[in-house]
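All remarks here apply to the structure that follows.
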Amino acid sequence: MADTEAIWLVDTHTHLNDAQFAGEGEVAAAIARAQAAGVRQLINMGDTLASSQLAVDIAQQHAGVYAGVGIHPEEARPLTAADDAQLAAWAALPEVVCIGEIGLDYHWVKDEPQRALQREIFVHQLDLARQLHLPVCIHDREAHGDTLAILQKEGQGVRGVLHCYSGSWETAQAFLKLGFYLGVDGPLTFKKAAKLPDIVRQMPLERLLVETDAPYMAPVPQRGQRNEPAFVRYVAAKVAELRGISLAEVAQRTTQNAHDLYSI
Ligand code: NI
């Protein structure tokens, strides 16, 4: 990929703290490849306390790398006072820029009591984010109605992003009205991207974030391979194509958005 000098992209949602990057030197190599591709900053998200700790460690070891800390809906369990204290301690660190990823996942979790626990933990972490003055990174898979209802009722004073947005344009408009950003990644480049390209064409560019969610969902032309932060450039290029603007303009705008939301 040529012409990287003028480009400054942020991979706003990635997981170099995933086991797929656990090999010796793999994290540093992925960060170096990202920087070579113009991806100058990235945010690793936590799924559990252990992966949040790893995200914090990686952020402390690498310039331009930040961390989200939180409990993913698939990992939902009742949070103790000690868990809250740990999240608050991380939140005080300059490298920690959000509570995430948090939210609801009804695709993998069909059991109603477990879904109720997800909602409880989601609301609890929204509350924590408000108290800690941090934005949130939200995972919403096949739970758009409940996610929206919770944000409308419990999201006052909390800023954030619907990461890997997969809902309708109508729901997108409702999230945008609440002041939330929408994050897009690999699926935008897939042939069966469904409604997402139309949403990206119509939505205000000042509310769009680009991300990879690596190591999963690598964008075309890397689809099927292990995803990594450098590939956020393919997502940004797809946004540029859909909007009929330059990659440089997408980079400038989405990077400004990332800086505004995450104060990085
Ligand atoms: Ni993720």
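Nothing here was measured: the structure is a model prediction, and the numbers come from that model. Counting convention: from 1, in listed order, for ligands and their atoms alike.
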Plane angle bin for H144 and Y165 - parallel if under 30°, tilted between 30 and 60°, otherwise perpendicular: tilted
In plain terms, say whether D146 and R115 are close enough for a salt bridge, that is, a side-chain N and a carboxylate O under 4.0 Å apart. no
Give a yes or no on whether K110 atom NZ has more than 12 heavy-atom contacts from other residues, nucleotides or ligands under 6.0 Å away. yes
If the cut-off is 2.8 Å, does any N/O/S atom of H15 fall short of it from the Ni ion (ligand 1)? yes
Answer yes or no for H139: is there an N/O/S atom below the 2.8 Å cut-off from the Ni ion (ligand 1)? no
E101: which N/O/S atom is nearest the Ni ion (ligand 1)? OE2
Of all N, O or S atoms in D213, which has the smallest distance to the Ni ion (ligand 1)? OD1
Residues E74, R141; criterion salt bridge (Lys or Arg N to Asp or Glu O under 4.0 Å); working and verdict: CA-CA 11 Å; E74 285 177 69; R141 188 159 185 205; over 6 Å; no
